[in-house]
Amino acid sequence: MSDFQRVLRLFSTIFVISAILAGGLATLDAWLHLPLADFLVKKLADIMLACVSAIGGVFAGQQIESKRHRK
């Protein structure tokens, strides 16, 4: 497994775990009205946005490296 695949797997795993936690927390908040649930869901959404940005950066970096190796 290459470094590129490891990084993609790491960020995608963090994204999926954050999405599952945010969904579960939103569900619990709908039933139990937890006091900090909205704050935690926003923080999990921030983590998911950071993961998407990182994955985009990894793809851009790989494209730049592949262009360098072609020359």
Side-chain angles (χ1 to χ4, degrees):
M1 181 182 304
S2 69
D3 291 339
F4 174 73
Q5 291 171 331
R6 286 185 185 139
V7 170
L8 281 181
R9 184 170 288 173
L10 172 70
F11 284 125
S12 63
T13 302
I14 293 171
F15 180 88
V16 168
I17 290 171
S18 296
I20 290 169
L21 288 174
L25 192 58
T27 303
L28 284 175
D29 185 41
W31 282 335
L32 303 175
H33 301 292
L34 302 173
L36 291 176
D38 58 340
F39 174 76
L40 292 174
V41 170
K42 287 178 186 177
K43 290 302 172 186
L44 288 168
D46 290 342
I47 292 170
M48 293 185 325
L49 179 61
C51 287
V52 169
S53 300
I55 289 171
V58 168
F59 276 121
Q62 187 202 28
Q63 188 174 13
I64 290 169
E65 283 296 317
S66 67
K67 286 182 181 180
R68 282 187 188 167
H69 288 287
R70 288 182 199 161
K71 290 183 179 180

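This chain uses plain numbering: 1 for the first residue, then up along the sequence.
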*Asks:* Is Asp29 reaching over with its side chain to a backbone N or O of Leu34, donor-acceptor style, under 3.5 angstrom?
*Replies:* yes
*Asks:* Hydrophobic clusters here meaning ILVMFWY residues chained together by side-chain heavy-atom distances under 4.5 Å, can you tell me if Trp31 and Ile20 are in one?
*Replies:* no
*Asks:* Would Val41 end up clustered with Leu28 when hydrophobic side chains under 4.5 Å apart are linked, directly or stepwise?
*Replies:* yes
*Asks:* At their closest point, which heavy atom of Cys51 faces which heavy atom of Phe11, and how far apart are they?
*Replies:* SG-O, 3.7 Å
*Asks:* Indicate if Ile47 and Leu49 have the same hydrophobic cluster label, given that clusters are the connected sets of ILVMFWY residues with side-chain heavy-atom separations under 4.5 angstrom.
*Replies:* no
*Asks:* Examine distances only and state if a side-chain atom of Gln62 and a backbone atom of Phe59 form a donor-acceptor pair shorter than 3.5 Å.
*Replies:* no
*Asks:* Report whether Leu44 and Ile17 are members of the same hydrophobic cluster (ILVMFWY, side-chain heavy atoms less than 4.5 Å apart, transitive linking).
*Replies:* yes
*Asks:* When rounded to the nearest 0.5 angstrom, what is the spacing between CG in Leu36 and CG in Asp38?
*Replies:* 7.5 Å
*Asks:* Can you give me the closest heavy-atom contact between Ser18 and Met48, atom names plus distance?
*Replies:* CB-CG, 3.5 Å
*Asks:* Looking only at non-hydrogen atoms, find the nearest pair between Ile55 and Ser12 and report the distance.
*Replies:* CD1-N, 4.3 Å
